[in-house]
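Notes to accompany the following structure.
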Protein chains: 2
Amino acid sequence: MEISFSDIKRKFQECGLKTTPQRTAIYDALLRSTAHPTAEDLFVKVAPQFPMMSLNTVYYTLGVLRTSGLIHEVNIGHTRARFDANLTPHHHLICLGCQTIVDVMDPRLNRLTSPFGIPKDFEITGHQVVFRGLCGSCRRHTGRSINHSSSG
Amino acid sequence: MEISFSDIKRKFQECGLKTTPQRTAIYDALLRSTAHPTAEDLFVKVAPQFPMMSLNTVYYTLGVLRTSGLIHEVNIGHTRARFDANLTPHHHLICLGCQTIVDVMDPRLNRLTSPFGIPKDFEITGHQVVFRGLCGSCRRHTGRSINHSSSG
DNA sequence: TGCTAAATAGGAATAGTTCCTAAACAGGAA
DNA sequence: TTCCTGTTTAGGAACTATTCCTATTTAGCA
């Protein structure tokens with residue numbers, strides 16, 4: 001997804017957000033990544049451009065972008081929040097070895113039939129499928145000893 | 001799922017775990033719950049029987065049970081880990097208002113076709129569907145102002 | 001250009017969890 | 001049954017991710 005500075009600026013304006021260099025850099029870094037980075041990942045990536053920047057700013061910015069609907073928070077496990085600027089409906093595949101998250105864009109998964117056995121007055125607004133497994137690298141390195149315990 | 005003390009004891013033995021009163025109470029409380037409690041929820045539930053018990057013991061016990069495969073960890077959002085002793089394949093429905101987790105037992109969801117567009121050497125071992133929405137109570141109270149941001 | 005609300009930086013605080021250690025105990029061996 | 005040993009427990013300290021607080025800075029409008 002290639003996006004220009006003016007695109008970002010326009011998006012910020014549409015959401016009533018000021019266009020600051022830090023905010024632009026953080027959002028841009030997230031747009032360019034498909035790795036679902038953590039706040040700290042983004043901080044490390046952006047910090048060279050802004051040696052004075054605080055991790056706090058990254059958290060604040062991610063919070064603002066999330067509230068504005070420009071990004072999503074994706075959580076795998078409870079340890080750290082991870083973020084995604086890909087707003088098109090999609091699903092995820094997680095390696096239980098290295099915690100890598102791969103996007104699964106298969107549109108068939110977007111149209112699951114409504115499940116039965118749920119409370120009648122519960123209004124479902126969306127769903128997401130999370131696949132778990134081992135990536136090639138982890139399969140080779142760990143001899144397939146998967147820890148199945150944790151499921152985001 | 002009704003389960004007796006001797007059932008629990010046998011399960012522990014099969015896993016090479018000692019049968020202590022605290023451990024039995026924690027596992028029993030989890031077996032009797034469908035609310036996907038947190039470590040602290042379980043601590044509060046079990047503490048009256050063991051006034052000396054520490055929250056630490058709950059964490060240790062949950063860790064051991066998880067490693068032994070007797071329970072699963074279910075994470076919604078990144079804030080706190082939640083646990084589930086229901087090992088039959090199932091899915092979840094989460095209320096974005098009150099964070100309540102409802103089990104979705106629809107077996108059709110257990111047989112999703114393998115998605116395309118994923119790395120060839122990635123071995124998928126399982127999947128889980130998470131439905132999001134608002135429960136009846138939250139729909140009435142919050143006027144449907146849903147925060148779509150977080151998806152566990 | 002000046003004003004003002006929003007954004008930033010930095011430090012302190014908080015929440016959830018894990019680590020460390022000594023004492024207690026379950027379960028097998030004698 | 002009693003003893004022994006490794007496991008479990010309790011308690012506190014430590015750690016990590018995140019949020020809160022506040023003074024300063026700044027983007028964007030008038």
Side-chain angles (χ1 to χ4, degrees), chain A residues 5-6 8-27 36-44 46-47 49-68 70 73-83 99 149-150 152, chain B residues 5-6 8-27 36-44 46-47 49-68 70-71 73-83 99 147 149-150 152:
Chain A
F5 172 74
S6 55
I8 292 178
K9 181 160 191 173
R10 183 175 38 76
K11 285 198 179 200
F12 286 171
Q13 283 175 332
E14 284 168 6
C15 298
L17 302 178
K18 292 186 177 179
T19 305
T20 69
Q22 294 94 328
R23 176 169 294 171
T24 305
I26 291 165
Y27 183 49
H36 308 80
T38 65
E40 183 147 28
D41 292 337
L42 290 166
F43 177 67
V44 167
V46 171
Q49 304 168 56
F50 305 95
M52 289 289 104
M53 192 173 67
S54 96
L55 178 56
N56 212 333
T57 299
V58 180
Y59 277 108
Y60 177 82
T61 300
L62 290 171
V64 166
L65 295 179
R66 187 186 51 198
T67 302
S68 301
L70 291 177
E73 191 175 325
V74 181
N75 293 297
I76 305 303
H78 62 267
T79 40
R80 351 176 46 180
R82 299 174 67 162
F83 298 87
Q99 311 296 309
S149 58
S150 190
Chain B
F5 173 74
S6 54
I8 291 178
K9 182 160 188 171
R10 181 174 40 75
K11 285 199 179 197
F12 285 171
Q13 283 175 333
E14 284 169 9
C15 297
L17 302 178
K18 292 188 177 179
T19 305
T20 70
Q22 293 93 330
R23 178 170 293 171
T24 305
I26 291 165
Y27 183 49
H36 309 81
T38 65
E40 182 147 27
D41 292 337
L42 290 167
F43 177 67
V44 168
V46 170
Q49 304 167 56
F50 304 96
M52 288 289 101
M53 192 171 68
S54 96
L55 179 56
N56 211 333
T57 299
V58 179
Y59 277 108
Y60 176 82
T61 300
L62 291 171
V64 166
L65 295 178
R66 185 186 54 199
T67 302
S68 301
L70 290 177
I71 66 174
E73 191 174 325
V74 181
N75 294 296
I76 305 304
H78 63 268
T79 40
R80 355 177 40 182
R82 299 175 66 164
F83 298 88
Q99 309 298 309
N147 173 13
S149 58
S150 189

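Note on naming: letters A, B, ... go to the chains in the order of the sequence lines (proteins, then strands), and numbering restarts at 1 for each one. All figures in this text were calculated on a predicted structure; none of them were measured in a lab.
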For [X] and [N], is the shortest distance between a side-chain N/O and OP1 or OP2 below 4.0 Å?
{"X": "B:Gln13", "N": "C:dG27", "result": "no"}
{"X": "B:Tyr59", "N": "C:dT17", "result": "yes"}
{"X": "B:Arg23", "N": "D:dT8", "result": "yes"}
{"X": "A:Thr61", "N": "C:dT8", "result": "yes"}
{"X": "B:Tyr60", "N": "D:dT9", "result": "no"}

Find the distance [X]:[atom1] to [N]:[atom2] and express it as a whole number of Å.
{"X": "B:Gln22", "N": "D:dT9", "atom1": "CD", "atom2": "P", "answer": "5 Å"}
{"X": "A:Phe50", "N": "D:dT25", "atom1": "CZ", "atom2": "P", "answer": "18 Å"}
{"X": "A:Asn75", "N": "D:dT18", "atom1": "CG", "atom2": "C1'", "answer": "12 Å"}
{"X": "A:Glu73", "N": "D:dT18", "atom1": "CD", "atom2": "P", "answer": "8 Å"}
{"X": "A:Phe12", "N": "D:dA27", "atom1": "CZ", "atom2": "C1'", "answer": "13 Å"}
{"X": "A:Ile26", "N": "C:dA7", "atom1": "CD1", "atom2": "P", "answer": "12 Å"}
{"X": "B:Asp41", "N": "C:dG16", "atom1": "CG", "atom2": "P", "answer": "10 Å"}
{"X": "B:Leu62", "N": "C:dG16", "atom1": "CG", "atom2": "C1'", "answer": "13 Å"}

* To do: Could you tell me whether B:Gln13 atom CD has more than 12 heavy atoms of other residues or ligands within 6.0 Å of it?
  => yes

Are any protein N/O atoms closer than 3.5 Å to N/O atoms in nucleotides 20-26 of chain C? If there are, list each pair with its distance.
| residue | atom | partner | partner atom | Å |
| --- | --- | --- | --- | --- |
| C:dA26 | N3 | B:Lys18 | NZ | 3.0 |

* Contacts of type ring pair (Phe, Tyr, Trp, His ring centres under 6.0 Å), residue A:Phe12, not counting sequence neighbours -> A:Tyr27

If you check the [X] side chain, which of [options] turns out closest?
{"X": "A:Ser54", "options": "C:dA9, D:dA10, C:dG16", "result": "C:dA9"}
{"X": "B:Leu17", "options": "D:dT9, C:dA9, D:dT8", "result": "D:dT8"}
{"X": "A:Leu55", "options": "D:dT18, D:dG28, C:dT17", "result": "D:dT18"}

* Asked: Counting any heavy atom closer than 4.0 Å, what does A:Thr38 reach on the DNA or RNA strands: base, sugar-phosphate only, or nothing?
  -> nothing

